2 protein chains.
Amino acid sequence: MSVIQTAFVAGTRGAWRIERITAVTGQALAQADRLAVVGPDEAGDVAAGAQWRLDGATGHPRYATRQELDTLAAVQQGLGRPEARCAALIPIRKNPAWWALGQDERRAILEEQSHHIAIGLEYLPPIARRLYHARELGQSFDFLTWFEYAPQHADAFEELVSRLRQSAEWRFVEREVDIRLVQDDPTLQGVV
Amino acid sequence: MSVIQTAFVAGTRGAWRIERITAVTGQALAQADRLAVVGPDEAGDVAAGAQWRLDGATGHPRYATRQELDTLAAVQQGLGRPEARCAALIPIRKNPAWWALGQDERRAILEEQSHHIAIGLEYLPPIARRLYHARELGQSFDFLTWFEYAPQHADAFEELVSRLRQSAEWRFVEREVDIRLVQDDPTLQGVV
(Lines give C-alpha, C1' and ligand atoms only; values in the text may rest on other atoms or scores of the structure.)
Protein backbone atom coordinates (compact mmCIF):
# COMPACT_ATOMS: atom_id res chain seq x y z
CA MET A 1 0.00 0.00 0.00
CA SER A 2 3.03 2.25 -0.39
CA VAL A 3 2.98 5.03 -2.96
CA ILE A 4 4.47 4.31 -6.40
CA GLN A 5 5.60 7.40 -8.28
CA THR A 6 5.76 6.99 -12.04
CA ALA A 7 6.52 9.18 -15.03
CA PHE A 8 5.08 8.45 -18.47
CA VAL A 9 7.45 9.95 -21.03
CA ALA A 10 6.53 10.08 -24.72
CA GLY A 11 9.28 10.51 -27.27
CA THR A 12 11.70 8.18 -29.00
CA ARG A 13 12.53 5.84 -26.12
CA GLY A 14 10.78 3.26 -24.01
CA ALA A 15 9.49 -0.30 -24.10
CA TRP A 16 6.05 0.63 -25.45
CA ARG A 17 5.34 1.57 -29.05
CA ILE A 18 2.58 4.17 -29.35
CA GLU A 19 -0.08 3.04 -31.82
CA ARG A 20 -2.25 6.14 -31.59
CA ILE A 21 -3.06 9.15 -29.43
CA THR A 22 -6.66 10.32 -29.60
CA ALA A 23 -8.27 13.36 -27.97
CA VAL A 24 -11.57 12.12 -26.54
CA THR A 25 -12.53 15.39 -24.83
CA GLY A 26 -10.60 18.65 -24.95
CA GLN A 27 -7.02 19.19 -25.98
CA ALA A 28 -4.91 16.32 -27.34
CA LEU A 29 -1.33 15.42 -26.50
CA ALA A 30 1.43 15.57 -29.11
CA GLN A 31 2.09 12.49 -31.19
CA ALA A 32 5.19 10.45 -30.41
CA ASP A 33 6.67 7.07 -31.32
CA ARG A 34 7.40 5.45 -28.01
CA LEU A 35 6.46 5.66 -24.34
CA ALA A 36 8.78 5.04 -21.41
CA VAL A 37 7.23 4.19 -18.04
CA VAL A 38 9.87 5.06 -15.46
CA GLY A 39 10.43 5.89 -11.82
CA PRO A 40 11.21 9.42 -10.65
CA ASP A 41 14.97 8.81 -10.57
CA GLU A 42 15.12 7.88 -14.25
CA ALA A 43 12.52 10.37 -15.45
CA GLY A 44 14.82 13.34 -15.86
CA ASP A 45 17.19 11.54 -18.22
CA VAL A 46 14.46 9.96 -20.29
CA ALA A 47 12.45 13.18 -20.53
CA ALA A 48 15.26 15.17 -22.15
CA GLY A 49 13.98 16.01 -25.61
CA ALA A 50 10.71 14.14 -25.09
CA GLN A 51 7.37 15.25 -26.56
CA TRP A 52 5.61 15.20 -23.19
CA ARG A 53 5.82 13.82 -19.70
CA LEU A 54 2.98 12.99 -17.31
CA ASP A 55 3.64 12.26 -13.65
CA GLY A 56 1.42 10.34 -11.27
CA ALA A 57 1.45 8.61 -7.91
CA THR A 58 -0.59 5.66 -6.73
CA GLY A 59 -2.52 6.19 -3.53
CA HIS A 60 -5.05 4.63 -1.24
CA PRO A 61 -8.50 3.69 -2.60
CA ARG A 62 -10.66 6.81 -2.52
CA TYR A 63 -14.06 5.15 -2.94
CA ALA A 64 -13.86 1.36 -2.67
CA THR A 65 -15.27 -0.23 0.47
CA ARG A 66 -13.67 -3.11 2.36
CA GLN A 67 -16.00 -5.56 0.63
CA GLU A 68 -15.19 -4.16 -2.81
CA LEU A 69 -11.45 -4.20 -2.10
CA ASP A 70 -11.62 -7.84 -1.02
CA THR A 71 -13.61 -8.79 -4.12
CA LEU A 72 -11.10 -6.99 -6.35
CA ALA A 73 -8.10 -8.52 -4.57
CA ALA A 74 -9.49 -12.02 -5.05
CA VAL A 75 -9.57 -11.77 -8.86
CA GLN A 76 -7.20 -9.08 -10.08
CA GLN A 77 -3.77 -9.79 -11.53
CA GLY A 78 -0.70 -7.61 -11.51
CA LEU A 79 0.89 -5.58 -14.27
CA GLY A 80 3.71 -7.02 -16.33
CA ARG A 81 2.12 -10.32 -17.43
CA PRO A 82 4.09 -11.53 -20.50
CA GLU A 83 0.91 -12.04 -22.54
CA ALA A 84 -0.40 -8.53 -21.77
CA ARG A 85 1.30 -6.91 -24.76
CA CYS A 86 -1.41 -4.26 -25.25
CA ALA A 87 -1.71 -1.23 -23.02
CA ALA A 88 -3.65 1.99 -22.77
CA LEU A 89 -2.81 5.17 -20.89
CA ILE A 90 -5.89 7.33 -20.35
CA PRO A 91 -5.24 10.70 -18.69
CA ILE A 92 -8.39 12.42 -17.45
CA ARG A 93 -9.26 15.76 -15.89
CA LYS A 94 -12.57 16.28 -14.12
CA ASN A 95 -14.27 19.64 -13.91
CA PRO A 96 -14.50 21.95 -10.86
CA ALA A 97 -18.08 20.82 -10.17
CA TRP A 98 -16.77 17.31 -9.43
CA TRP A 99 -14.12 18.54 -7.02
CA ALA A 100 -16.64 20.68 -5.13
CA LEU A 101 -18.83 17.68 -4.32
CA GLY A 102 -18.88 15.98 -0.95
CA GLN A 103 -17.46 12.48 -0.52
CA ASP A 104 -20.98 11.04 -0.32
CA GLU A 105 -21.99 12.75 -3.58
CA ARG A 106 -18.87 11.62 -5.44
CA ARG A 107 -19.26 8.04 -4.21
CA ALA A 108 -22.93 7.99 -5.27
CA ILE A 109 -22.13 9.19 -8.79
CA LEU A 110 -19.06 6.98 -9.19
CA GLU A 111 -20.53 3.72 -7.98
CA GLU A 112 -24.23 3.72 -7.20
CA GLN A 113 -25.07 5.60 -10.44
CA SER A 114 -22.13 4.76 -12.71
CA HIS A 115 -21.00 1.34 -11.36
CA HIS A 116 -17.38 2.27 -12.02
CA ILE A 117 -15.96 -0.32 -9.61
CA ALA A 118 -18.46 -3.02 -10.59
CA ILE A 119 -17.89 -2.52 -14.33
CA GLY A 120 -14.11 -2.74 -13.90
CA LEU A 121 -14.58 -5.94 -11.91
CA GLU A 122 -16.44 -7.58 -14.80
CA TYR A 123 -13.31 -7.35 -16.93
CA LEU A 124 -10.95 -8.86 -14.35
CA PRO A 125 -8.62 -10.61 -14.49
CA PRO A 126 -7.96 -10.10 -18.24
CA ILE A 127 -7.73 -6.31 -18.07
CA ALA A 128 -5.28 -5.23 -15.38
CA ARG A 129 -5.18 -1.60 -14.36
CA ARG A 130 -3.39 0.81 -12.08
CA LEU A 131 -4.69 4.25 -11.15
CA TYR A 132 -2.28 7.13 -10.65
CA HIS A 133 -3.33 10.41 -9.04
CA ALA A 134 -1.89 13.56 -10.58
CA ARG A 135 -4.07 16.50 -9.50
CA GLU A 136 -2.22 17.30 -6.29
CA LEU A 137 1.09 16.93 -8.10
CA GLY A 138 0.22 20.09 -10.02
CA GLN A 139 -0.26 18.18 -13.27
CA SER A 140 -2.63 19.13 -16.09
CA PHE A 141 -4.61 15.90 -15.56
CA ASP A 142 -6.25 14.61 -12.39
CA PHE A 143 -5.79 10.88 -13.06
CA LEU A 144 -3.69 8.68 -15.27
CA THR A 145 -5.09 5.17 -15.66
CA TRP A 146 -2.83 2.49 -17.07
CA PHE A 147 -4.36 -0.70 -18.49
CA GLU A 148 -2.62 -3.89 -19.68
CA TYR A 149 -4.25 -6.78 -21.58
CA ALA A 150 -3.52 -9.52 -24.07
CA PRO A 151 -4.38 -8.90 -27.75
CA GLN A 152 -7.32 -11.32 -27.60
CA HIS A 153 -8.99 -9.08 -25.02
CA ALA A 154 -8.80 -5.92 -27.11
CA ASP A 155 -12.54 -6.02 -27.89
CA ALA A 156 -13.39 -6.44 -24.21
CA PHE A 157 -11.23 -3.42 -23.42
CA GLU A 158 -13.09 -1.29 -26.00
CA GLU A 159 -16.36 -2.34 -24.37
CA LEU A 160 -15.10 -1.46 -20.88
CA VAL A 161 -13.97 2.00 -21.95
CA SER A 162 -17.18 2.63 -23.88
CA ARG A 163 -19.39 1.69 -20.92
CA LEU A 164 -17.50 4.01 -18.56
CA ARG A 165 -17.70 6.89 -21.05
CA GLN A 166 -21.48 6.56 -21.13
CA SER A 167 -21.77 6.77 -17.35
CA ALA A 168 -23.04 9.66 -15.23
CA GLU A 169 -19.52 10.04 -13.81
CA TRP A 170 -18.13 10.88 -17.24
CA ARG A 171 -20.30 14.00 -17.48
CA PHE A 172 -17.71 15.52 -15.12
CA VAL A 173 -14.78 14.70 -17.43
CA GLU A 174 -13.58 17.88 -19.13
CA ARG A 175 -10.42 16.48 -20.71
CA GLU A 176 -9.57 12.94 -21.77
CA VAL A 177 -6.86 11.58 -24.02
CA ASP A 178 -6.66 7.93 -25.08
CA ILE A 179 -3.19 6.55 -25.79
CA ARG A 180 -2.89 3.00 -27.12
CA LEU A 181 0.34 1.07 -26.94
CA VAL A 182 1.89 -2.24 -27.91
CA GLN A 183 4.83 -3.95 -26.35
CA ASP A 184 7.01 -5.19 -29.17
CA ASP A 185 7.60 -8.92 -29.04
CA PRO A 186 11.04 -9.12 -27.47
CA THR A 187 11.89 -12.25 -29.49
CA LEU A 188 11.60 -10.19 -32.68
CA GLN A 189 13.53 -7.19 -31.48
CA GLY A 190 17.01 -6.10 -30.70
CA VAL A 191 17.60 -4.31 -27.44
CA VAL A 192 15.19 -1.38 -27.21
CA MET B 1 -11.54 24.20 -5.14
CA SER B 2 -8.27 24.44 -7.07
CA VAL B 3 -5.13 22.90 -5.64
CA ILE B 4 -2.81 25.12 -3.60
CA GLN B 5 0.78 23.91 -3.45
CA THR B 6 2.74 25.17 -0.46
CA ALA B 7 6.20 24.67 0.99
CA PHE B 8 6.93 25.12 4.70
CA VAL B 9 10.60 26.03 5.03
CA ALA B 10 12.27 26.20 8.46
CA GLY B 11 15.47 28.15 8.80
CA THR B 12 16.36 31.78 9.35
CA ARG B 13 13.73 33.42 7.11
CA GLY B 14 9.99 33.82 7.04
CA ALA B 15 7.14 35.71 8.66
CA TRP B 16 6.59 33.18 11.45
CA ARG B 17 8.83 32.85 14.51
CA ILE B 18 9.09 29.25 15.69
CA GLU B 19 8.36 29.00 19.41
CA ARG B 20 8.96 25.29 19.75
CA ILE B 21 9.14 22.03 17.81
CA THR B 22 7.99 18.95 19.73
CA ALA B 23 8.07 15.31 18.65
CA VAL B 24 4.69 13.89 19.69
CA THR B 25 5.20 10.44 18.12
CA GLY B 26 8.34 9.21 16.39
CA GLN B 27 11.22 11.24 15.05
CA ALA B 28 11.36 15.01 15.57
CA LEU B 29 12.27 17.71 13.08
CA ALA B 30 15.37 19.88 13.55
CA GLN B 31 15.00 23.09 15.54
CA ALA B 32 14.99 26.36 13.63
CA ASP B 33 14.23 30.03 14.28
CA ARG B 34 11.74 30.95 11.60
CA LEU B 35 9.28 29.39 9.19
CA ALA B 36 8.50 30.63 5.70
CA VAL B 37 5.22 29.56 4.09
CA VAL B 38 5.74 29.95 0.37
CA GLY B 39 4.49 28.86 -3.02
CA PRO B 40 6.41 26.42 -5.19
CA ASP B 41 8.05 29.18 -7.25
CA GLU B 42 9.65 30.79 -4.20
CA ALA B 43 10.45 27.58 -2.35
CA GLY B 44 13.77 26.86 -4.02
CA ASP B 45 15.29 30.22 -3.08
CA VAL B 46 14.00 30.19 0.48
CA ALA B 47 15.02 26.57 1.05
CA ALA B 48 18.71 27.16 0.30
CA GLY B 49 20.49 26.54 3.59
CA ALA B 50 17.26 25.80 5.46
CA GLN B 51 16.95 23.23 8.24
CA TRP B 52 14.06 21.42 6.58
CA ARG B 53 11.32 21.80 4.01
CA LEU B 54 7.93 20.15 3.93
CA ASP B 55 5.74 20.27 0.83
CA GLY B 56 2.01 19.80 0.64
CA ALA B 57 -0.96 20.38 -1.65
CA THR B 58 -4.55 21.06 -0.76
CA GLY B 59 -7.08 18.76 -2.33
CA HIS B 60 -10.73 17.84 -2.35
CA PRO B 61 -12.41 16.74 0.88
CA ARG B 62 -11.73 13.04 1.34
CA TYR B 63 -14.37 12.28 3.98
CA ALA B 64 -16.75 15.21 4.50
CA THR B 65 -20.28 14.83 3.18
CA ARG B 66 -22.25 17.57 1.42
CA GLN B 67 -24.05 18.36 4.66
CA GLU B 68 -20.80 18.58 6.61
CA LEU B 69 -19.19 20.76 3.94
CA ASP B 70 -22.15 23.15 4.01
CA THR B 71 -22.04 23.33 7.81
CA LEU B 72 -18.31 24.04 7.76
CA ALA B 73 -18.63 26.64 5.00
CA ALA B 74 -21.27 28.53 6.97
CA VAL B 75 -19.00 29.14 9.96
CA GLN B 76 -15.34 28.85 8.97
CA GLN B 77 -13.10 31.84 8.36
CA GLY B 78 -10.09 32.09 6.10
CA LEU B 79 -6.42 32.16 6.92
CA GLY B 80 -4.58 35.45 7.29
CA ARG B 81 -6.85 37.20 9.82
CA PRO B 82 -4.78 40.01 11.40
CA GLU B 83 -5.67 38.90 14.94
CA ALA B 84 -4.65 35.29 14.28
CA ARG B 85 -1.04 35.77 15.32
CA CYS B 86 -0.61 32.22 16.63
CA ALA B 87 -0.16 29.25 14.34
CA ALA B 88 0.61 25.56 14.51
CA LEU B 89 1.97 23.26 11.83
CA ILE B 90 1.31 19.61 12.65
CA PRO B 91 2.80 17.10 10.20
CA ILE B 92 1.43 13.57 10.61
CA ARG B 93 2.14 10.18 9.10
CA LYS B 94 -0.36 7.34 9.46
CA ASN B 95 0.67 3.69 9.51
CA PRO B 96 0.25 1.14 6.69
CA ALA B 97 -2.79 -0.38 8.43
CA TRP B 98 -4.67 2.90 7.89
CA TRP B 99 -3.84 3.07 4.21
CA ALA B 100 -4.95 -0.53 3.66
CA LEU B 101 -8.47 0.22 4.95
CA GLY B 102 -11.45 0.70 2.67
CA GLN B 103 -13.08 4.12 2.33
CA ASP B 104 -16.01 2.99 4.49
CA GLU B 105 -13.66 1.80 7.25
CA ARG B 106 -11.60 5.01 7.24
CA ARG B 107 -14.71 7.20 7.28
CA ALA B 108 -16.15 5.18 10.21
CA ILE B 109 -12.98 5.56 12.26
CA LEU B 110 -12.44 9.22 11.35
CA GLU B 111 -15.94 10.50 11.96
CA GLU B 112 -18.40 8.04 13.44
CA GLN B 113 -15.86 6.83 16.05
CA SER B 114 -13.47 9.80 16.39
CA HIS B 115 -15.74 12.76 15.46
CA HIS B 116 -12.82 14.45 13.71
CA ILE B 117 -14.99 16.74 11.58
CA ALA B 118 -17.47 17.45 14.38
CA ILE B 119 -14.72 18.28 16.91
CA GLY B 120 -13.04 20.68 14.48
CA LEU B 121 -16.41 22.34 13.91
CA GLU B 122 -16.79 23.08 17.62
CA TYR B 123 -13.72 25.33 17.46
CA LEU B 124 -14.85 27.33 14.44
CA PRO B 125 -14.57 30.13 13.63
CA PRO B 126 -11.77 30.99 16.11
CA ILE B 127 -9.40 28.24 14.98
CA ALA B 128 -8.93 28.33 11.22
CA ARG B 129 -7.23 25.42 9.53
CA ARG B 130 -6.04 24.20 6.16
CA LEU B 131 -5.16 20.60 5.38
CA TYR B 132 -2.36 19.81 2.97
CA HIS B 133 -1.81 16.32 1.54
CA ALA B 134 1.79 15.17 1.24
CA ARG B 135 1.81 11.38 0.94
CA GLU B 136 1.49 11.20 -2.84
CA LEU B 137 4.10 13.92 -3.20
CA GLY B 138 6.67 11.43 -1.90
CA GLN B 139 7.05 13.31 1.38
CA SER B 140 7.95 11.78 4.75
CA PHE B 141 4.58 12.86 6.18
CA ASP B 142 1.08 12.11 4.87
CA PHE B 143 -0.59 15.35 6.00
CA LEU B 144 0.46 18.82 7.07
CA THR B 145 -2.24 20.67 8.95
CA TRP B 146 -1.87 24.41 9.41
CA PHE B 147 -3.86 26.19 12.14
CA GLU B 148 -4.21 29.94 12.82
CA TYR B 149 -5.79 31.52 15.90
CA ALA B 150 -5.67 34.61 18.08
CA PRO B 151 -3.66 34.45 21.35
CA GLN B 152 -6.86 34.43 23.45
CA HIS B 153 -7.85 31.11 21.83
CA ALA B 154 -4.60 29.31 22.67
CA ASP B 155 -6.27 27.24 25.41
CA ALA B 156 -9.06 26.23 23.08
CA PHE B 157 -6.48 25.11 20.56
CA GLU B 158 -4.73 22.93 23.15
CA GLU B 159 -8.07 21.33 23.96
CA LEU B 160 -8.83 20.66 20.28
CA VAL B 161 -5.46 18.99 19.69
CA SER B 162 -5.74 16.97 22.90
CA ARG B 163 -9.20 15.64 22.03
CA LEU B 164 -8.09 14.54 18.56
CA ARG B 165 -5.01 12.81 19.99
CA GLN B 166 -7.23 10.74 22.27
CA SER B 167 -9.41 9.55 19.40
CA ALA B 168 -9.52 6.11 17.78
CA GLU B 169 -8.18 7.67 14.57
CA TRP B 170 -4.95 8.68 16.32
CA ARG B 171 -4.07 5.02 17.01
CA PHE B 172 -3.07 4.95 13.35
CA VAL B 173 -0.67 7.90 13.69
CA GLU B 174 2.91 6.63 13.64
CA ARG B 175 4.69 9.99 13.41
CA GLU B 176 3.57 13.42 14.58
CA VAL B 177 5.49 16.63 15.14
CA ASP B 178 3.95 19.74 16.70
CA ILE B 179 5.39 23.08 15.60
CA ARG B 180 4.13 26.25 17.29
CA LEU B 181 4.59 29.66 15.76
CA VAL B 182 3.94 33.32 16.43
CA GLN B 183 3.60 36.10 13.93
CA ASP B 184 5.62 39.02 15.21
CA ASP B 185 3.50 42.13 15.65
CA PRO B 186 4.36 44.15 12.57
CA THR B 187 3.88 47.42 14.45
CA LEU B 188 6.77 46.46 16.77
CA GLN B 189 9.09 45.17 14.10
CA GLY B 190 11.25 46.35 11.29
CA VAL B 191 10.97 44.60 7.98
CA VAL B 192 11.33 40.84 8.52
Side-chain angles (χ1 to χ4, degrees), chain A residues 1-7 39-41 43 55-74 93-112 116-117 130-144 172 174, chain B residues 1-7 39-41 43 55-74 93-112 116-117 130-144 172 174:
Chain A
M1 198 47 67
S2 58
V3 171
I4 301 168
Q5 294 186 300
T6 298
D41 293 343
D55 283 80
T58 62
H60 65 287
R62 303 287 206 265
Y63 299 102
T65 64
R66 173 83 271 145
Q67 188 177 0
E68 289 162 346
L69 291 174
D70 290 344
T71 305
L72 290 165
R93 187 173 69 225
K94 286 182 175 170
N95 65 20
W98 174 261
W99 296 113
L101 295 173
Q103 173 68 22
D104 54 338
E105 297 171 304
R106 282 181 279 103
R107 161 76 199 191
I109 294 166
L110 183 131
E111 192 56 24
E112 281 69 32
H116 189 137
I117 297 168
R130 179 180 283 167
L131 176 65
Y132 297 88
H133 300 271
R135 183 169 186 258
E136 291 167 16
L137 275 53
Q139 297 280 298
S140 50
F141 292 95
D142 296 333
F143 309 100
L144 315 173
F172 294 87
E174 64 176 18
Chain B
M1 197 48 67
S2 58
V3 170
I4 301 168
Q5 294 185 300
T6 297
D41 293 342
D55 283 79
T58 62
H60 64 286
R62 303 287 206 263
Y63 300 103
T65 63
R66 172 83 272 143
Q67 188 177 1
E68 288 162 347
L69 291 174
D70 290 344
T71 305
L72 290 164
R93 187 174 67 225
K94 287 182 174 170
N95 64 21
W98 174 262
W99 296 113
L101 294 173
Q103 173 68 21
D104 54 337
E105 297 172 303
R106 282 182 279 102
R107 161 76 199 192
I109 294 167
L110 183 133
E111 191 57 24
E112 281 69 32
H116 189 138
I117 297 167
R130 179 180 283 167
L131 177 65
Y132 296 89
H133 299 271
R135 182 168 187 259
E136 292 167 16
L137 275 53
Q139 297 280 299
S140 50
F141 292 95
D142 295 333
F143 310 99
L144 315 173
F172 294 88
E174 64 174 19

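Letters A, B, ... mirror the listed sequences (proteins, then strands); counts begin at 1. It should be emphasised that the depicted structure is a prediction, and the values quoted were computed from it without experimental measurement.
Within residues 102-109 of chain A, the residues having any heavy atom under 4.5 Å from a heavy atom of chain B are, by residue number, A:Gly102, A:Gln103, A:Asp104, A:Glu105, A:Arg106. For residues 65-73 of chain B, a heavy-atom distance under 4.5 Å to chain A picks out B:Thr65, B:Arg66, B:Leu69, given by residue number.
Closest non-hydrogen pair, B:Glu136 versus A:Thr58, comes out as CG-O, 3.6 Å.
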